[in-house]
Each structure stands twice: as C-alpha cells, then as structure tokens.
Amino acid sequence: MKNTPSFHGDEFTNGVPADSLFHVIPVPWEDTVSYGGGTGEGPAAILEASGQLEANLGRAVPGSFGIHTMQEILCDGPAEEVLSRIEAATARVLRGGKIPVLLGGEHTVTLGALRAFAARGKSVGVVQFDAHADLRDSYEGSRYSHACVMRRAHDLGFPLFQIGVRAPCVEELDYRQAHAVPHLDARTIWELGIPEKPLPPDFPEEIYLTFDVDGLDPSIMPATGTPVPGGLTWREAVVALERVCQGRRVVGMDVVELAPRPSDHASNFAAALLCYTMMDLAARSRA
Ligand SMILES: [Mn+2]
C-alpha cells in the first residue's frame with residue numbers, strides 16, 4: 001500500500017471518522033480506459049496536490065468540517081469485485097451520516113458509489129460534469145466501461161443531469177431523447193452561458209456530484225485520457241457547481257479521470273481545488 005498523504009493533510013491532520021463531514025475514498029482504478037492511460041495515478045496526484053491548497057476559499061474553511069482520508073480501495077480483480085468494494089466503503093460513510101468524496105480512477109468508480117445510495121432506497125439526483133455522455137450500453141465489449149457508467153446509473157433509476165457534454169455518439173443522443181435526459185451541453189453554454197437555475201424544478205433535492213475532469217476545457221485540464229476542446233472554463237465550472245447546489249443538498253461526490261502527466265502539476269492542482277470547491281458547496285448545502 002502506497003503511503004499517500006491525506007487530503008489537505010498539511011493544514012488539517014487526517015480527521016477522526018466520527019468527527020469528519022468528508023470521507024475521502026481514493027479509488028486508483030484503471031481498467032477500461034479507452035484512449036490515454038494513467039487514471040490509476042489520479043487519486044495519489046490529487047492528494048499530493050491538495051497539500052498546496054489554501055485552508056480557506058474566500059471566508060469559508062471547508063477543512064474545518066473535518067476531512068478523513070481512508071485507505072485506498074484495492075482495485076485488482078474483476079470489475080464486479082472492485083465495484084463491491086467501492087459500494088461497501090461508500091455505504092459505511094453513509095451509515096455514519098457523512099459525505100463520501102471519491103477520487104478516481106476511471107469514471108466507473110461512480111457506479112460503485114451510486115449502488116450504495118440505491119441500496120438505501122433514496123431518490124438522489126446525479127449531476128454529471130463531463131465531455132462525454134457515458135450513456136453507451138456497452139463499449140469495447142464491456143458494460144462497465146467508463147463510457148457506460150451513466151447508462152448503468154440510469155438503469156438503477158437515478159435521475160440524471162449532464163453538464164458540458166460535447167462528444168456524444170448517436171446511440172447516446174437517441175437514448176437521451178428516448179428517456180428525456182435533461183442536459184446543459186457545451187454548445188449551449190458557449191451561446192448562452194450558465195442559466196440561473198440549471199436543474200429542472202422536479203429534480204431531486206438530494207444530489208450527488210460526479211465531475212469527470214474532461215468536462216473542463218483541455219486548456220486548463222490537459223491531464224485526462226480523452227480530452228475534447230470546447231469544455232468548461234474554470235469560471236463556468238464553478239458557477240455551474242454553485243447554481244446546481246443552490247437550494248439542494250449534496251450527499252456525495254466524486255472527481256474522476258485525472259491522468260497525471262510528468263511536469264504538469266497545474267492539472268493535478270486544478271483537480272484538487274475542484275474537489276475542495278465541491279466540498280465547500282456541500283458543506284454550505286447542509287448548513
Ligand atoms: Mn466520464
């Protein structure tokens with residue numbers, strides 16, 4: 001087991017689980033990557049970079065709510081086994097009434113976390129930031145490919161909202177249309193910006209945020225396996241996050257698909273700051 005630092009461990013010592021609102025679950029899973037590799041190194045890179053964060057974001061100090069970083073999930077073996085481990089770790093966090101913060105790893109990580117919510121029988125809305133729709137039924141022979149993760153989530157009955165998509169395939173466009181999956185695609189953001197209230201009024205009050213870092217533009221996030229131009233600027237991402245959290249309660253989150261590259265510490269830091277920003281919004285959403 002690698003000895004990686006805890007999240008923001010230079011400012012806040014690794015919290016006692018019972019006193020920590022945020023439970024960080026590193027999941028260095030890299031199984032079905034379709035283009036560039038390296039997502040297995042994502043969690044360690046985010047934890048490393050989190051040491052460079054300021055304690056405060058404006059006047060807010062998200063770390064003061066307590067951050068407990070768990071041991072990383074073992075990602076060897078068949079996908080079903082890895083998913084079961086992710087689900088079990090997430091379920092423990094939920095039983096304690098805390099917020100799971102998963103660090104990927106490939107996007108399939110999200111399915112393990114969502115299964116823990118499904119087992120609790122709660123209607124949680126999934127808000128997905130991504131360049132891709134991830135709605136294929138199967139990809140390269142796998143139903144657990146990262147290109148299928150939101151299809152699997154939708155199969156489980158989770159309402160879904162997609163932000164920043166700009167590379168959907170025709171199968172995904174058809175699926176979206178047939179199932180009326182609401183979305184705010186990159187093209188719409190180019191033309192109209194981020195609406196005041198991005199989510200449909202009937203979207204669940206409790207939300208899970210899944211942020212595939214390729215939702216960001218490659219100019220600020222080149223370190224990902226399948227970068228696509230035309231993505232969210234930093235400002236658009238933060239404003240969109242703030243607006244989807246408005247009037248809702250964040251019950252879980254993940255940051256996935258960071259594939260660190262040598263001498264690109266800017267991407268790693270951007271992913272760490274993104275995660276800390278999401279923690280801030282989650283803490284505020286519970287206030
Ligand atoms: Mn994705």
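In listed order, ligands and their atoms are each counted from 1.
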Residues R85 and D76 bridged, charged N to O under 4.0 Å: no
Atom name in H107, limited to N/O/S, at shortest distance from the Mn ion (ligand 1): ND1
Test item: E236 side-chain N/O and T233 main-chain N/O as donor-acceptor pair under 3.5 Å: yes
Distance-only polar pair, side chains of H132 and D212, donor-acceptor under 3.5 Å: no
Stepwise salt bridge (Lys or Arg N to Asp or Glu O under 4.0 Å) test for E191 and R187: CA-CA 7 Å; E191 289 169 2; R187 178 86 214 185; 2.9 Å; yes
Name of whichever N/O/S atom of D134 is nearest to the Mn ion (ligand 1): OD2
Atom name of the N, O or S atom in D212 that lies nearest to the Mn ion (ligand 1): OD2
The Mn ion (ligand 1) - name of the N/O/S atom of D130 that sits closest to it: OD2
